[in-house]
Amino acid sequence: SVEVLPGVLNLTLVLNKGAAFGLFKHQTMLFAALSVLVIIFIIYYTLSKKMTDRALLVALGLVLGGAVGNLIDRVRLGYVIDFLDVGIWPVFNIADSCITAGAALLILKMFLRKTDNAPHIS
């Protein structure tokens with residue numbers, strides 16, 4: 001590990017042969033196939049719906065970019081390179097951060113849509 005911000009951020013090399021947090025080790029082909037399916041779905045969905053909702057496009061773009069980044073590592077190396085270590089969380093990478101941020105934004109959009117459609121009391 002290399003300390004970048006004392007007590008906050010280290011750079012730590014982890015060769016992740018599994019999914020998030022190293023779960024399901026040595027399932028590279030399965031995760032690569034799932035990534036390809038997610039990538040195809042996002043591209044198809046985005047193009048077929050002709051979306052104009054910028055927040056939704058950003059969320060899907062983050063998930064898409066993260067999936068592509070991790071897929072490149074899996075296909076090229078057989079594992080994902082994780083390196084961001086904040087101490088209280090398993091080591092992760094930028095692609096993981098994009099997927100997480102995109103998924104969080106999608107969940108937020110779902111909750112906001114539900115509250116927008118809620119009946120209003122006059």
Side-chain angles (χ1 to χ4, degrees):
S1 289
V2 175
E3 192 173 54
V4 177
L5 295 171
V8 178
L9 176 66
N10 295 321
L11 296 179
T12 303
L13 178 63
V14 173
L15 308 180
N16 184 351
K17 296 180 182 182
F21 315 122
L23 298 172
F24 309 109
K25 291 191 183 305
H26 308 292
Q27 299 296 320
T28 301
M29 292 309 295
L30 173 66
F31 294 124
L34 288 173
S35 295
V36 168
L37 290 175
V38 166
I39 291 165
I40 290 169
F41 173 78
I42 290 173
I43 292 171
Y44 172 78
Y45 183 81
T46 303
L47 294 176
S48 70
K49 299 293 181 186
K50 297 181 181 169
M51 291 189 291
T52 58
D53 182 336
R54 287 187 184 171
L56 185 57
L57 287 169
V58 167
L60 291 173
L62 285 166
V63 174
L64 177 65
V68 169
N70 280 340
L71 177 64
I72 289 169
D73 273 0
R74 286 189 201 288
V75 169
R76 194 176 66 116
L77 304 169
Y79 50 83
V80 172
I81 298 173
D82 290 334
F83 57 91
L84 298 171
D85 183 359
V86 294
I88 59 170
W89 199 256
V91 179
F92 59 96
N93 62 35
I94 295 169
D96 297 335
S97 299
C98 290
I99 293 168
T100 301
L105 187 53
L106 287 171
I107 291 167
L108 180 63
K109 292 260 325 145
M110 286 182 352
F111 280 117
L112 291 177
R113 184 180 339 163
K114 289 199 187 275
T115 58
D116 287 345
N117 294 335
H120 297 283
I121 299 174
S122 303

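Small disclaimer: the values here were computed from a predicted structure and weren't measured. Scope of the values below: all heavy atoms of this structure, side chains included, with no hydrogens, waters or symmetry mates.
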I'd like a table of donor-acceptor pairs (distance under 3.5 Å, sequence neighbours excluded) in which one partner is a side-chain atom from residues 35-44, with atom names and distances.
unit_1 : atom_1 : unit_2 : atom_2 : d
Ser35  : OG     : Phe31  : O      : 2.9

Contacts under 3.5 angstrom, residues 95-105 side chains, donor-acceptor by atom type, not counting sequence neighbours:
unit_1 : atom_1 : unit_2 : atom_2 : d
Asp96  : OD1    : Asn70  : ND2    : 2.9
Asp96  : OD2    : Asn93  : N      : 3.2
Ser97  : OG     : Asn93  : O      : 3.2
Thr100 : OG1    : Asp96  : O      : 2.9

All heavy atoms of Phe83 vs all of Val91, minimum pair found to be N-CG1, 3.5 Å
Sequence-distant partners of Ser1, side-chain hydrogen bond (donor to acceptor under 3.5 Å, both in side chains), two or more places apart: Thr12
Should Phe92 and Val68 be regarded as members of a common hydrophobic cluster, given that ILVMFWY residues are connected when their side-chain heavy atoms come within less than 4.5 Å of each other, either directly or indirectly? no
Apply side chain to side chain contact (heavy atoms under 4.5 Å, CB included) to Leu9 and list each qualifying residue two or more places apart in sequence or on a separate chain. Val4, Leu5, Leu84, Val86
Which pairs with one or both residues in residues 51-73 pass ring-ring contact (aromatic ring centres under 6.0 Å, His included), sequence neighbours excluded? none
Kindly say whether Ile81 contributes a backbone atom to a donor-acceptor pair with the side chain of Asp73 at under 3.5 angstrom? yes
Hydrophobic clusters here meaning ILVMFWY residues chained together by side-chain heavy-atom distances under 4.5 Å, can you tell me if Tyr79 and Met29 are in one? no
For atom CE of Met51, is the number of surrounding heavy atoms from other residues, nucleotides or ligands below 6.0 Å larger than 12? yes
Can you give each donor-acceptor pair under 3.5 Å made by side-chain atoms of residues 52-67, sequence neighbours left out, with the distance rounded to 0.1 Å?
unit_1 : atom_1 : unit_2 : atom_2 : d
Asp53  : OD1    : Ala55  : N      : 3.1
Asp53  : OD1    : Leu56  : N      : 3.2
Asp53  : OD2    : Lys109 : NZ     : 2.6

